[in-house]
Amino acid sequence: QVQLVESGGGLVETGGSLRLSCTASRRTSRNNAMGWFRQAPGKEREFVAGISWNAGSTSYADSVKGRFTISRDNEKDSVYLQMNSLKPEDTAIYYCAVGLKSIAVQPVRYWGQGTQVTVSS
């Protein structure tokens, strides 16, 4: 079974930055799209950012465009999410994901356990 290990979450003030990391337990992710989703209390899980297998294309939710940047390192089987200019509405559990296909992260094949991001006012 593939395991996705996430790190980098925490508590930050409004306007601050965090960098999330996610590493797969084996290289099954190298030919697959990867991405990030988040779920705030009382809300459904939503797409945040995705990146194709070779980093040739990226996509972002409108709410994070210009503030978040997704990247990957296939040699390390890892995907990252640099989050800048954080807002309280970014507070959520962030989930790493590996897609079934090579370009789009949806549909999702594997999910990480989630890491908490809290942005204070």
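Worth knowing before you read on, the calculation uses all heavy atoms, side chains too, and leaves out hydrogens, waters and symmetry mates.
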Is the shortest side-chain heavy-atom distance between [X] and [Y] below 4.5 Å?
| X | Y | result |
| --- | --- | --- |
| Val117 | Leu18 | yes |
| Met34 | Tyr110 | no |
| Leu81 | Arg19 | no |
| Arg67 | Asp90 | yes |
| Val64 | Arg38 | yes |
| Leu4 | Val2 | yes |
| Pro107 | Arg109 | no |
| Val48 | Tyr60 | no |

key: Check against side-chain contact (heavy atoms from CB on, under 4.5 Å), Thr91 and Glu89   = CA-CA 5 Å; Thr91 295; Glu89 49 263 45; over 6 Å; no
Working for side-chain contact (heavy atoms from CB on, under 4.5 Å), residues Val79 and Cys22 = CA-CA 5 Å; Val79 64; Cys22 172; 3.6 Å; yes
Enter the distance from [X]:[atom1] to [Y]:[atom2] here, rounded to the nearest 0.5 Å.
| X | Y | atom1 | atom2 | result |
| --- | --- | --- | --- | --- |
| Asn74 | Asn31 | CG | CG | 8.0 Å |
| Leu20 | Tyr94 | CG | OH | 7.5 Å |
| Ile70 | Gln82 | CD1 | CD | 12.0 Å |
| Leu86 | Ser120 | CG | OG | 10.0 Å |

query = Any chance the side chains of Asp77 and Thr23 put a donor and an acceptor closer than 3.5 Å?
reply =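 On atom types as modelled, these side chains do not qualify, holding no pair under 3.5 Å.
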ask   = Is there a donor-acceptor contact under 3.5 Å linking the side chains of Asp73 and Ser71?
value =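 Distance-only check fails for Asp73 and Ser71.
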ask   = What residues join Phe47 in its hydrophobic cluster, counting side-chain heavy atom gaps under 4.5 Å, either direct or through other members?
value =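 Via sub-4.5 Å side-chain contacts, Phe47 links to Phe37, Ile93, Tyr95, Val105, Val108, Trp111.
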request  = Under 4.5 Å between side-chain heavy atoms, chaining through other members, with only Ile, Leu, Val, Met, Phe, Trp and Tyr counted: pull out the rest of the cluster around Tyr80, sorted by chain and number.
outcome  =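 Besides Tyr80, the hydrophobic cluster comprises nothing; the residue is isolated.
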ask   = Could you walk me through whether Arg72 and Ser78 pass the side-chain contact (heavy atoms from CB on, under 4.5 Å) check?
value = CA-CA 6 Å; Arg72 68 187 296 163; Ser78 298; over 6 Å; no
ask   = For Ser17 and Ser85, which heavy atoms make the closest approach, and how far apart are they?
value =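 Here Ser17 and Ser85 meet closest at OG-N, 4.3 Å.
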query = Any sub-3.5 Å donor-acceptor pair from Glu6's side-chain atoms to Gln113's backbone N or O?
reply =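 Yes; at least one donor-acceptor contact below 3.5 Å.
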message = For Lys87, is there any backbone N or O sitting under 3.5 Å from a side-chain donor or acceptor partner on Thr14?
response =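 No, Thr14 side chain to Lys87 backbone: no donor-acceptor pair under 3.5 Å.
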request  = Check side-chain contact (heavy atoms from CB on, under 4.5 Å) between Gln3 and all other residues, then give those that pass, not counting sequence neighbours.
outcome  =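 Here the qualifying residues are Val5, Ser25.
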request  = I would like to know whether Ser57 and Ile103 meet side-chain contact (heavy atoms from CB on, under 4.5 Å); could you show each step before the answer?
outcome  = CA-CA 8 Å; Ser57 64; Ile103 306 300; 4.0 Å; yes
